[in-house]
Every structure is written in C-alpha cells, then in structure tokens.
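To find a chain, count down the sequence lines: A is the first, B the second, and so on, and within it residues start at 1.
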Amino acid sequence: MSTIGTTGLKLYNTLTRSKDDFVPIDPAAVRMYVCGPTVYDFAHIGNARPIIVFDVLYRLLRHLYGAAAVTYVRNVTDVDDKINKRAFDSGITIRQLTDGTLEQFHKDIDALGALRPDVEPRATDHIDEMRQIIDRLVAAGVAYVAEDHVLFEVAAMARLPGVPKYGALSRRSLDDMIAGSRVEVAPYKRDAMDFVLWKPSTEAHEPGWPSPAGIAQPGRPGWHIECSAMSWKHLVAAFGGRLKCEPADALSFDIHGGGIDLAFPHHENENAQSCCAFGVERMASVWMHNGFLQVEGAKMSKSLGNFTTIREVLDEWDGEVARLNMLRTHYRQPIDWTVSGLEESARILDDWYRAAGDADPTTPAPEFVEALADDLNTAKAISVLHELKSGDAGVFKASAALLGLLPRTATARANARNAESGVDPAEIEALIAARIAARTARDWAESDRIRDELVARGITIMDGKDASGQLITKWEIRG
RNA sequence: GGCCUCGUGGCGGAGUGGUUACGCAGCGGACUGCAAAUCCGUGUACUCCGGUUCGAAUCCGGACGAGGCCUCCA
C-alpha cells in the first residue's frame, strides 16, 4: 500500500480539506507544533484528547522517520486574562500560579501515558520573540498602533504579496465574517475583524513587559502571537541553515495541531501573523484538528455540572483505560465520554494484558502500522490489535506500544494493582489453598463459600490443572 | 442569521459502489462438582425521501436529527 517516495502516511489537512500523502519538508527533520494548555486550573478530559492524539502521531512519526528525526513542540500558555485575574485574586504571581498548575498538568498527562514533547516552551519566556514578530508586522504594513495597542490589520494582508488570503484555513470569507460578526468593535480598531497582537497593561493585576512598536506603556501579548513566536523559535530558527529544502520552505514547519475550536480564530490568526512576518505562503504544511468530546451525551459545561477533569477520571480509572477509551474513536469524530465506555475499555485492557503476558515488544505488525498511517485510524488499528492478540506476543506488544498501550508487563501491572487495592496476596493465597483443599475433599459447600468471598472482594479466580493434573487456581484483580 | 462536521446492529465503532468488519454485551456449546476464567459458534445495521447506476448503506440532491465555530473554550 505504500506510495513510492513516502512512508505511506496520510493525514487529513484542514487547509486542503482532504486526506493527503504526508511529505515532510525535510524527512531528516520532521517538525510538529501542538497548541498546549492554558495553565490556570485543572485540565479537563477534553484537554486530554489532543494530548493523547498527537502523542500517538508523535510515536508514529518517530517509528516512520526515526526518533532523532522528529521534533515535537507543545507550548504552555502561561499568561492570559484568566491567569492574571486568578493569580491576583490569590495574591500570588502568575508564575507561581502557572508553575503549580503546570506541575499538576504534567502529573495528569504522565498518567495518561503521553511522552513529553521535545520542547515545551512557555509564553512568558518568549516575549522577546513576540516583540520581534510584532515589529516585523508593523514594518510590513499589516499591523498598526492605536492607543498603546498593536493590532493586526486583516484587510492589509490582501495587499502583501506571497501570503495566503485571510480566511483560507478556516474557509471563511471576510464578507461572511463581517455579516455574521459578533465581534466587539473596540473604538481603536480600524476594522471589526482586526485582532490584538499586543495590549497595554494598566491595571494592578495585569503583568507587563516592555512593549514593541515604540510604545512606552508596558504591555502584554494578545492570544495568538505566542504560537507564532514559539513555533518560529523552536521549529524554524532553531533549524536555520540545517534543512535540506528550498529556502522558502525553511521558514515553515510540517504539522500544526490542536482542537477543532482553535481553527478559527486562533490558527487563522497565527497563520496570518507568521505568514506576513516572514513572507511565506504557509506557516505549516499540514493543519490537524481533533474533534470534541461530550460527557454522557451532553455538552461539557460548568452549569450542567459535568465538567470532568482529568484528575477526576484518574481517581476512578487507570490512566491507560482512559487512554484506550480516547483512542477507540477516530480523532476527528466526536466522542461521547461515558462510564460504560470506560468499563468496556477496562475489560479490553484486562484481556490484552492476559494475552500479552510478560513478553518484550519486538516489531509492530505491518497491517497495524498501515492502519495508523491512514490518518491515524486508531479505531481500525485497535481492531487489528484484537487480531494480533492471539498471535506473537512481542509483535502484539510492539504494535500496542505505538498507541502508547501495554507499556508494562502483565506481572508488573498485577503487582501495582494489588498494591493499590490493599489486598494482601498472602491472604488470598491462603484462601485459595483452603478452597483447593475443600475441593479435593469434595466439600462443595465450603469451596463455594470461599469462592463467593473472593469474588465479593473483587478477585477474579481462574481454575485449572497443572501438567500433572493437580488443581491450581490463578487469581487477579480486575479493574 | 452565516460557515462547517456528522447520522451504521442492544452499545461502542471501522470500511467499501456488488462478497464476514472488529470489539463489548446477549445467546448456544466445550470445559467445570457447580461456577468463574478461557476457547468455539451465533443473531440483529447502515436516519428518512428522491435521483444517478445493471446494482448504493457507500455517489448526488432534499428533509429530519446531533454537534462545532462565528464569544481568547481542546
């Protein structure tokens, strides 16, 4: 199935609205940027989706191109009005607030089995780069200063040669946007569609940095500029002169990902900023967007009381169960996040661990990689896994590993589970020995009594006979 | 109001212009002292209405329904 000259990887590109062969700008330096969390509070289960989805893509890219050839950048937004307000209200600095929230975020996504990105840049560490880009945009004539703000002038973009049309990514025409516009028109904007690159900090709770564009008043960045700055620094400038490609292509990178809600306005505006600042046709070649998640059939919202944090899910479920549950649906489809779904995922995982045992991973199955390479068809890949389950355990495990699943041995998992549950293995073994004695004595009442007790304690027992015909009973805790 | 995505069996969820998805649950069988675990087998489907076609669940149009964006929300 592989196409000559490529690895066979196809990805759906929001920019072209089609599933295209993935052709890296330089296969020796595959570069991906994903919009990460705004760290002001516990991350919710919807935030976990892009983390898991792009983690699978990261693993797949490393498999296809070699680990050393792939660079994954996922930013941390550590300055915005919610952060500013919450930090001020708590009497701490935004850095103190965001450090604490970021630590919690890392705990959450580590439990979900996500690899750390190669670079995890923070917005507040890149104010210089933001200023540079803003100054470039002013110089290019697509940004203007008004009342200590710097605004991107959307209409001016059309006058700049070699850059895309505004709206090309999200497929919106300026006319449509203006017609259905609910944008608040600030008096200092030349046009309602213009968006903020930089704004002045005047209130006590607003952190400030030296402003660009000759503005004396300290200020802070608008929402979109940080991604233009950080992707440029870590995926473009960091590779300056090292890429084997056309010079114009060296100013963009391969994959830009995030939630579907970010397509507009966030990614549209990032794209506009980066393209205009560097005079390029596109900021990234492939734009990928994951679908949304509902909880028990309803939109997740604080007013409905179904705002589920990752933390709450992890209190009840193994992170690996949550991960499998997420990957059972194709990333562009909506997911209905339900308890019954998690229960089914847990059953599947128990089954898989039993099949995988303590085998070491070897090489993933070609048909499995092929399924994943088809626009990250994890649902198909999981069905392949069901087939591989009864085959070679090493191949099964290596395949699952591309999804970030089955990272442990069955023994290690069972031990961890026993420790968590507070069950004393010696006590269970004693009960099982007593039951075998009762069975040998044909004392069925006693044997059944012990069995019922074990089941009541959440133990699954598996009766059998050893090679010499002796009764043996294995047991485990299922979850 | 404008733009976009989606609608598959009890449930989850792929795929394809004509042949079994797969998984979970259910049911039947094997195994068992009886169970459990495991293995084998098995039923039910493509929202509705038109159109294109030898043939559509798969392509086109419409209806209905669900969700998203246009509000710094993944």
Side-chain angles (χ1 to χ4, degrees), chain A residues 14 17 34-38 43-54 77 80-83 167 170-173 175-184 193 195-196 199 221-224 226 257-266 268-269 289-294 297-302 307 324-325 327-336 338 340-348 350-352 354-355 371 374 377-387 389-390 438-439 442-445 447-448 451-452 454-455 459-465 471 473-476 478:
Chain A
T14 304
R17 306 275 160 144
V34 173
C35 288
T38 300
H44 60 70
I45 191 64
N47 293 309
R49 194 169 190 188
I51 300 298
I52 292 172
V53 164
F54 291 105
T77 298
D80 92 324
D81 287 348
K82 285 193 293 284
I83 292 172
S170 53
R171 295 279 166 104
R172 287 153 203 264
S173 77
D175 291 344
D176 288 344
M177 282 185 270
I178 292 161
S181 180
R182 288 197 236 160
V183 177
E184 181 195 349
M193 291 312 301
F195 59 89
V196 171
K199 50 195 169 187
W223 177 32
H224 318 296
E226 60 172 89
I260 184 65
D261 59 318
L262 295 181
F264 189 88
H266 186 52
E268 190 69 56
N269 291 353
H289 295 100
N290 63 270
F292 258 47
L293 183 148
Q294 291 184 279
K299 184 175 174 171
M300 188 161 55
S301 73
K302 283 186 173 157
F307 202 86
L324 173 60
N325 200 237
L327 294 176
R328 282 169 51 195
T329 305
H330 182 88
Y331 76 94
R332 285 191 280 120
Q333 295 289 116
I335 292 185
D336 189 10
T338 63
S340 65
L342 285 160
E343 286 168 348
E344 185 175 332
S345 297
R347 270 193 293 268
I348 292 169
D350 283 341
D351 186 38
W352 284 358
R354 209 173 310 116
D374 182 14
N377 194 339
T378 53
K380 181 74 187 297
I382 285 168
S383 76
V384 174
L385 233 31
H386 283 298
E387 288 169 26
K389 184 186 80 172
S390 44
R439 288 170 68 203
R442 307 183 72 80
D443 182 354
W444 308 131
S447 144
D448 291 355
R451 183 181 71 206
D452 291 346
L454 287 167
V455 169
I459 310 293
T460 301
I461 53 171
M462 293 159 282
D463 287 345
K465 288 179 181 168
L471 293 176
T473 296
K474 295 183 193 168
W475 63 278
E476 65 185 32
R478 300 214 170 171

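Distance CZ/A/R347 to CG/A/L342: 11.0 Å, rounded to 0.5 Å. The distance from the CZ atom of A/F264 to the CZ atom of A/R171 is 15.0 Å, given to the nearest 0.5 Å.
Rounded to whole Å, the P atom of B/C11 lies 25 Å from the corresponding atom of B/G41. Taking atom P in both B/A21 and B/G62, one finds a spacing of 31 Å when rounded to whole Å. Taking the C1' atoms as reference points, B/C59 lies 10 Å from B/U53, given to the whole Å. Here the separation of B/U32 from B/G13, taken at their P atoms, is 39 Å to the nearest Å. For the C1' atoms, the distance linking B/U38 with B/C31 amounts to 9 Å, nearest Å. Distance noted for atom C1' between B/G43 and B/G29: 16 Å (whole Å). For the P atoms, the distance from B/G68 to B/C60 is 25 Å, rounded to whole Å. Rounded to whole Å, the separation between the C1' atoms of B/G12 and B/C64 comes to 24 Å.
Across all strands, A/G464 comes closer than 4.0 Å to no nucleic acid atom at all (heavy-atom distances). In this structure, A/R451 reaches the bases: a heavy-atom distance under 4.0 Å links it to at least one base atom across the strands shown. Within the 4.0 angstrom heavy-atom criterion, only backbone atoms of the sugar-phosphate kind lie near A/Q294; the bases stay farther away. At the heavy-atom level, A/G258 lies under 4.0 Å from the strands shown only through sugar-phosphate atoms. Residue contacts for A/L262: at a heavy-atom cut-off of 4.0 Å it reaches the sugar-phosphate backbone alone, with no base atom in range. A/L293 comes within 4.0 angstrom of a base, heavy atoms only.
Counting to the nearest Å, the C1' atom of B/G67 and the CD1 atom of A/I260 are 11 Å from each other. Atom NE2 of A/H224 and atom P of B/U71 are 10 Å apart (whole Å). A/H266 has its NE2 atom 10 Å from the P atom of B/A74, to the nearest Å. In this structure, CD of A/E343 is placed 20 Å from P of B/G10, rounded to the nearest angstrom. Distance A/L471 CG to B/C31 C1': 14 Å, rounded to the nearest Å. The separation between A/I348 atom CD1 and B/C24 atom P is 6 Å, rounded to whole Å.
Taking only side-chain atoms of A/D448, from C-beta outward, the nucleotide of B/C73, B/G67, B/G33 with the closest atom is B/G33. Here the nucleotide nearest the side chain of A/R17, chosen from B/G33, B/A36, B/C4, is B/C4. If you check B/G12, B/A74, B/C24 against the side chain of A/R347, the one that comes closest is B/C24. Side chain of A/K82, nearest nucleotide from B/C73, B/A35, B/A21: B/C73. Comparing B/A37, B/A21, B/C73 by their nearest atom to the side chain of A/M462 picks out B/A37. Between B/C24, B/C34, B/G12, one nucleotide has an atom nearer to the side chain of A/R328 than all others, and that is B/G12. Listed nucleotides B/C73, B/C34, B/G68 differ in distance to A/H44; the shortest reach to its side chain belongs to B/C73. Side chain of A/N377, nearest nucleotide from B/G33, B/A14, B/C22: B/A14. Distance from the side chain of A/F264 is smallest for B/C69 among the nucleotides B/C69, B/G33, B/C73. If you check B/A14, B/C69, B/G33 against the side chain of A/D261, the one that comes closest is B/C69.
Counting heavy atoms from C-beta outward, A/L471 and A/K465 have side chains that approach closer than 4.5 Å. Side-chain contact check for A/P37 versus A/N47: every heavy-atom pair is 4.5 Å or farther apart. A/D261 has its side chain within reach of A/F292: a pair of non-hydrogen atoms, C-beta onward, lies under 4.5 Å apart. Looking only at side-chain heavy atoms (C-beta outward), A/I382 and A/L324 come within less than 4.5 Å of each other.
Where A/I382 and A/I335 each meet RNA chain B at their nearest nucleotide, the meeting point lying more 5' is that of A/I335. Along RNA chain B, the nucleotide closest to A/W444 and the one closest to A/Q333 are compared, and the more 5′ of them pairs with A/Q333.
At a threshold of 4.0 Å, the pair A/K380-A/D374 does not count as salt-bridged, since none of the basic side-chain nitrogens sits closer than that to a carboxylate oxygen.
Considering every non-hydrogen atom in both A/M300 and A/F307, the closest pair reads CG-CA, 3.7 Å.
OP1 or OP2 of B/G68 lies within a sub-4.0 Å distance of a side-chain N or O belonging to A/K299. Within the 4.0 Å cut-off from OP1 or OP2 of B/G23, not a single side-chain nitrogen or oxygen of A/S383 is found.
The base of B/G33 is paired with the side chain of A/S447 by a donor and an acceptor separated by under 3.5 Å.
Nucleotide B/C48 is matched to B/G62 when pairs are restricted to Watson-Crick or G-U wobble geometry with both distances under 3.5 angstrom. The partner of B/A56, taking Watson-Crick or G-U wobble pairs whose two distances both stay under 3.5 Å, does not exist in any strand shown. When both distances must be under 3.5 Å, the Watson-Crick or G-U wobble mate of B/A25 does not exist.
By the 5.5 angstrom centroid cut-off and the 30-degree plane limit, A/F292 is classified as stacked against the base of B/A74.
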Show each protein N/O and nucleotides 38-43 of chain B N/O combination with a separation under 3.5 Å, one pair to a line.
unit_1: B/U38; atom_1: OP1; unit_2: A/R354; atom_2: NH1; d: 2.5

